[in-house]
*Asks:* 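Dumping the structure here so I can ask a few things about it.
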There are 2 protein chains.
Amino acid sequence: MPDELYREVLERIKPSAVEDAHMRSVAHEVIDKLDSEAREHGLDVYTIHVGSTARDTWLKGKKDIDIFLMFPPDTPLEKLKEDGLRLAREVSPRFEERYAEHPYITALYKGLDVDLVPCYHVEDAAHIQSAVDRSPFHNTYVLKHIDGLHDEVRLLKQFTRGVGVYGSELRTQGFSGYLCELLVLKYGSFDGAVEHGAGFKRGRVIDIEGHMDKSVEHPDPLIVIDPVDPKRNVAAALSGQKFCEFVDACRRFLKAPSIDFFFPPAAEPMKKGALEGLLASRGTKLLAITFKTPDIVEDTLYPQLRKAEDSLAKLLERHEFKAYRTDVWSNDRSAIVLEMLVWELPAIERHLGPPLDEREHCEKFIEKYPGAYIMGCRYVVDIPRKYDTAVELINAQLKSCGLGKHVCASIGQGFEILTNEKTLELGPEFARFLTKFLRAPET
Amino acid sequence: MPDELYREVLERIKPSAVEDAHMRSVAHEVIDKLDSEAREHGLDVYTIHVGSTARDTWLKGKKDIDIFLMFPPDTPLEKLKEDGLRLAREVSPRFEERYAEHPYITALYKGLDVDLVPCYHVEDAAHIQSAVDRSPFHNTYVLKHIDGLHDEVRLLKQFTRGVGVYGSELRTQGFSGYLCELLVLKYGSFDGAVEHGAGFKRGRVIDIEGHMDKSVEHPDPLIVIDPVDPKRNVAAALSGQKFCEFVDACRRFLKAPSIDFFFPPAAEPMKKGALEGLLASRGTKLLAITFKTPDIVEDTLYPQLRKAEDSLAKLLERHEFKAYRTDVWSNDRSAIVLEMLVWELPAIERHLGPPLDEREHCEKFIEKYPGAYIMGCRYVVDIPRKYDTAVELINAQLKSCGLGKHVCASIGQGFEILTNEKTLELGPEFARFLTKFLRAPET
C-alpha cells in the first residue's frame, strides 16, 4: 500500500502540534468556565468535550468544537433548555442560538466556533431521550476502541471528502465522521476499509458488537449497526447513489492510487465558448430554472430542491419530453438544471379518455371529442398539443407540479428559465458546477 | 328502432330469390353428384351442406359454399383424405387442392367456389378429431334454433363488416359468422345484440346452453361458450381492439343510427398536397418500411406483419425514438407504417453498464470506458449516439430485430424506407389506407 502517498496526505490533513494544542486548550478553558458557572448557580451539570476534536480524528483547518452539557435525566426539558442555554451564553459575549432537535448555542471563542449542546446524562444509550444524548456514548465508544488508528480515520475522512461522499447532512447524504471511524475500527485501517468497501454490495450489514436488533428493518444500502444502539443504523442517511459512488471510488483507488482521490483538482468554470461547443456537438439543450434561494438551512433546502427536481422530471415525462440528466444547484439563487434530450415535440398529442368499461364517462368523452377512437381498450383522441416545448410547459405548470413549501413560495414570487450559454449568468460557481454536470462523452 | 333503415340495409344484403335458388340448386347438385360417386365406389360417406348458405344467413354476393364429406369415425385418416379428395375431385374439372387443418378441395362449379371438406362423422361434438368435424354440429344447432331470425343475423353481419370488425381470420381478428349467429340467438334480434353489445365489458361471458366448462380458462375479451362444446370459446379469435371497436360502434349506433354503419363511405385516397399539408401541420414524420409481400396465405402473413410491427416499435423505443401510431399494410408489397413523434435525437446517449454488485463486469466496463459513472446503482457512460435518426437505426437493425420467417426472408432480400409523401409511391390502395391511418386531430 502506498505509504508515501498516505504520508503526503497526512501532512496536509493532520493538525499541527500548534493547532492541536490550541484546540485542546480551548476545550479545557470552556469546560472549566462552564463547570465553575455551574457550581456558582448550584447546577448539577457534567460538561464533556465530544466529537472528532475530542477523539483526535479531526482534520486540519477544522474551526469548530463540540461541548455537551449533560443534565441529570430527571431534569424537566424546559429547565434543561433554560439552564443549559443560560450557562452556554456565559462562555463568550459572541454567540448565536441555533436549533437542531434541541436548541443549542454556538459561541465564538478564541477563533473557534464552540457548539454548546445541552443534553441528558442517561445511564446507557438505550435510555436516550433525544439523538443528542447519544453523542457522549459514541465518544466513549470510539475513545475506548480507537487504539492508535486516529490517522487511519483521517485518511478515510479525507478520501470520502475528496471523492464527494463525505457528510451525512441532507445536501450530501454521504458518510458521517462517526461512520468513517466505525469502518476503520471494523477493518483495522484505511486500507482495510477501502479494500472491503470495494466489495460492498447493497444491503451489506456491519455489526461490530454483534448485537443487531433483527426486529428493526433497515431499507438502506449500507447497514452499520451502532455499537451503542442495536436498533440504529449509523449509515441510515447514506443514499444509494453515494454508497455506490464510494464503492466505485474504492475500486478505482485500489487499481490506481493517487493523491487526486484525496485532493481532486478543482473543476474549472465552464467558459461560454466551451459550453456552446459542447452543446453543439452533443445536440442537447441546457435548461436552468432559477429562483431566489429561500432563507432556510441546507437540511431543509436540499430536500425541497430535490423534490422540485423530481416533480419537474415527472412533469416533463408525462408530457413526453425527455431529460438526459438533472441536478440541483444553490447559492444566493437556486437552480433546477436539466440537460434535455427531447425538448420540442410535434403539434399533436394523444389525449387519453376513459376505459371502455366506464360507459357514462365514455359517452361524455365522445360527445366532447367526436373523433375519439379506441386504443388499448380505452378511448383516446388526437388533439393539438398544448405545450410544444419544455419551456412552455414549465412556464405554465411549474408552480402547480408539487414543490416543497419554501421552494414553492420562492418560485411563486418569480422564476426564470435560462437556456444554454445564458445559464452562465448564474456566475462562476455555477460555471464550475456545469463542468461536473456536463460530463464529456467517451469517444 | 329504425325499421326503415333496416329495410334499406336488407334490400342491399339479402340474396335475391334468383341468387338463393341458384345457391340451393348448386348445393343440391353437388351433393347428388357426391352421393352417386360414393355409391359407385362403395364408400360410406354422408354429404352435407353447411355454413351460412345452408342456414340462410348469408349475404348477397357470396360466391362460395361449403359441402362436407363425413366419413365414419373409424376410417383411418389417410383413407379419409385419399377417398375424400378423390370424390371431391369428381365434382368439377376445375379445382384446387388447399390446406387448412386438413386438406380440402375448392371446386369451381356453375360460378361458385365449392369447398369440399372431408371430415369425421362423430356422434357428438365432444368426440371430434379435428376442428372441421365441429362444423356440422354448428350447422345443426343454428338450424334448430334460428327460428326466423335469418335477417337479424344478416343485419349483424353487415353491421360488423361495416364497422370493420367482421371476420375471424388473423388479418382482422374480428367476429366470425357463427359468432354473429349466436349473438342474435342469445339476444333475439339485431337490436338486442347491439343494445347488449353497447354494454359489454371485457371478460363478458355468454353461455347460451349454460354448460360452460369452468375448468377451462379463457383469457379473452369476450367469451361465448360454444353451444356444441362446453370447453370452447367461439370468440377466441376476437382481439381486444376489435372487441372494443364493436362496443364503441354499438354505442354510437344507438345514439345516432345511420346507414353509414352498414355501408361506410369508402375512404378517399390521400392526395400528395393534402398529405404534405397534414404532416406539416402535425409536425410528425411518416415512415413506411416496405418490402415484397411473401407468397403465403393471409393467415400466415398478417401475424408475421404484426410481429414485425411490434419488434420495430420495441427497437425504436429501446433507442429512445417514439412512434405515435403504427400499423401494417399489404398488397403486392407490404409495409410497416409509422407516424413518428420523435425520429431524431441528440448526438449523445447513455450506455448502460453492469450493476455495481457485479464487480468483475464492472472492472471490465470501467477499463473500456474510463469515464463511466454511477447512476441508479449501476455504471453508465455517455457515448456518441450510434443512430441519430430512426431511419439509420432501422436500416442497421431491422433485419435482426425479431421477424417471422417469411417476412424476415423477404426483408432479407431488400427493403426500402419511404418517408412522408414518398409513401404514396405504394399506390392508390395505400393512399386510401393512409386516409384512415392518419386521423386528423380534433380542433
Side-chain angles (χ1 to χ4, degrees), chain A residues 198-202 221 240-245 247-248 251-252 255 279 281-285 320 322 324-325 339-342 344-351 355-357 359 362-363 366-379 381-385 388 439-443, chain B residues 198-202 221 240-245 247-248 251-252 255 279 281-285 320 322 324-325 339-342 344-351 355-357 359 362-363 366-379 381-385 388 439-443:
Chain A
F200 280 173
K201 298 187 178 188
R202 281 177 73 94
Q241 177 71 22
K242 293 293 174 183
F243 168 74
C244 292
E245 288 178 12
V247 175
D248 174 47
R251 291 177 182 173
R252 291 182 193 255
K255 212 157 184 91
L279 292 174
S281 73
R282 291 157 84 123
T284 53
K285 180 157 184 165
E320 306 185 281
K322 197 177 271 168
Y324 186 69
R325 54 165 61 94
E339 186 182 13
M340 297 299 297
L341 213 53
V342 178
E344 277 182 323
L345 284 167
I348 50 165
E349 67 180 323
R350 186 168 287 129
H351 178 53
L356 189 88
D357 290 355
R359 188 165 171 186
C362 291
E363 305 226 325
I366 297 178
E367 208 163 291
K368 186 164 176 198
Y369 302 107
Y373 57 98
I374 296 286
M375 184 175 252
C377 268
R378 69 191 311 156
Y379 284 97
V381 65
D382 300 338
I383 55 170
R385 185 175 291 276
D388 292 356
R439 299 156 185 275
E442 302 279 323
T443 47
Chain B
F200 280 174
K201 297 187 180 188
R202 282 178 73 95
Q241 177 71 22
K242 293 293 173 183
F243 168 77
C244 293
E245 288 178 11
V247 175
D248 174 47
R251 291 176 182 173
R252 291 181 193 257
K255 212 156 186 94
L279 292 174
S281 74
R282 290 157 83 122
T284 54
K285 179 156 187 166
E320 306 185 280
K322 197 179 270 168
Y324 186 68
R325 55 165 59 93
E339 186 181 13
M340 298 297 297
L341 212 54
V342 178
E344 279 182 322
L345 285 167
I348 50 165
E349 68 180 323
R350 186 168 288 129
H351 179 53
L356 188 89
D357 289 356
R359 188 166 171 186
C362 291
E363 305 226 325
I366 297 179
E367 207 162 292
K368 187 166 175 196
Y369 302 107
Y373 56 97
I374 297 286
M375 183 176 251
C377 267
R378 69 191 310 157
Y379 284 96
V381 65
D382 300 339
I383 55 170
R385 185 175 290 274
D388 291 356
R439 300 156 185 272
E442 303 277 323
T443 47

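Chain A is the first sequence line, chain B the second, and so forth, proteins listed ahead of strands; every chain is numbered from 1.
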*Asks:* Determine, stepwise, if the pair A:Asp382 / B:Arg325 fulfils side chain to side chain contact (heavy atoms under 4.5 Å, CB included).
*Replies:* CA-CA 11 Å; A:Asp382 300 338; B:Arg325 55 165 59 93; 2.5 Å; yes
*Asks:* Determine whether a donor-acceptor pair (N or O, by modelled atom type, separation under 3.5 Å) exists between the side chain of A:Arg202 and the backbone of B:Asp357.
*Replies:* no
*Asks:* Is any side-chain heavy atom of A:Glu339 closer than 4.5 Å to one of B:Ile348?
*Replies:* yes
*Asks:* Looking at A:Arg251, A:Glu363, A:Gln241, A:Lys201, which one has more heavy-atom pairs under 4.5 Å with chain B than the rest?
*Replies:* A:Arg251
*Asks:* Using a cut-off of under 4.5 Å for heavy-atom pairs, which of B:Cys362, B:Gly240, B:Cys244 has the most such pairs with chain A?
*Replies:*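 Looking at each of B:Cys362, B:Gly240, B:Cys244 in turn, B:Cys244 comes out on top.
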*Asks:* Please state whether the side chain, the backbone, both or neither of B:Leu356 comes within less than 4.5 Å of a heavy atom of chain A.
*Replies:* both
*Asks:* Is A:Leu341 close to B:Arg350 at the side-chain level, that is, under 4.5 Å between some pair of heavy atoms?
*Replies:* no
*Asks:* Rounded to the nearest 0.5 Å, how far does NZ of B:Lys255 lie from CD of A:Glu367?
*Replies:*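 A:Glu367 atom CD to B:Lys255 atom NZ measures 5.5 Å (nearest 0.5 Å).
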*Asks:* Run the numbers on A:Lys322 and B:Val342 for side chain to side chain contact (heavy atoms under 4.5 Å, CB included), then give the verdict.
*Replies:* CA-CA 11 Å; A:Lys322 197 177 271 168; B:Val342 178; over 6 Å; no
*Asks:* Relative to chain A, which of B:Gly199, B:Pro355, B:Ala347, B:Pro346 shows the most heavy atom pairs under 4.5 Å?
*Replies:*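 If we count pairs closer than 4.5 Å to chain A, B:Pro346 comes out on top.
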*Asks:* So which of B:Arg359, B:Met340, B:Lys285 has the biggest tally of heavy-atom pairs under 4.5 Å with chain A?
*Replies:* B:Arg359
*Asks:* So, using side chain to side chain donor-acceptor pair (under 3.5 Å) as the criterion, who are the partners of B:Arg252 when residues are at least two apart?
*Replies:*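 Partners of B:Arg252 by the side chain to side chain donor-acceptor pair (under 3.5 Å) criterion, ordered by chain and then number, come out as B:Asp248.
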*Asks:* With A:Glu245, which residues qualify under salt bridge (charged side-chain N to carboxylate O under 4.0 Å, His left out), at least two apart?
*Replies:* A:Lys242
*Asks:* Looking only at heavy atoms and a cut-off of under 4.5 Å, which of A:Glu320, A:Arg378, A:Met375 has the most pairs with chain B?
*Replies:*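 When all of A:Glu320, A:Arg378, A:Met375 are compared, A:Glu320 has the most.
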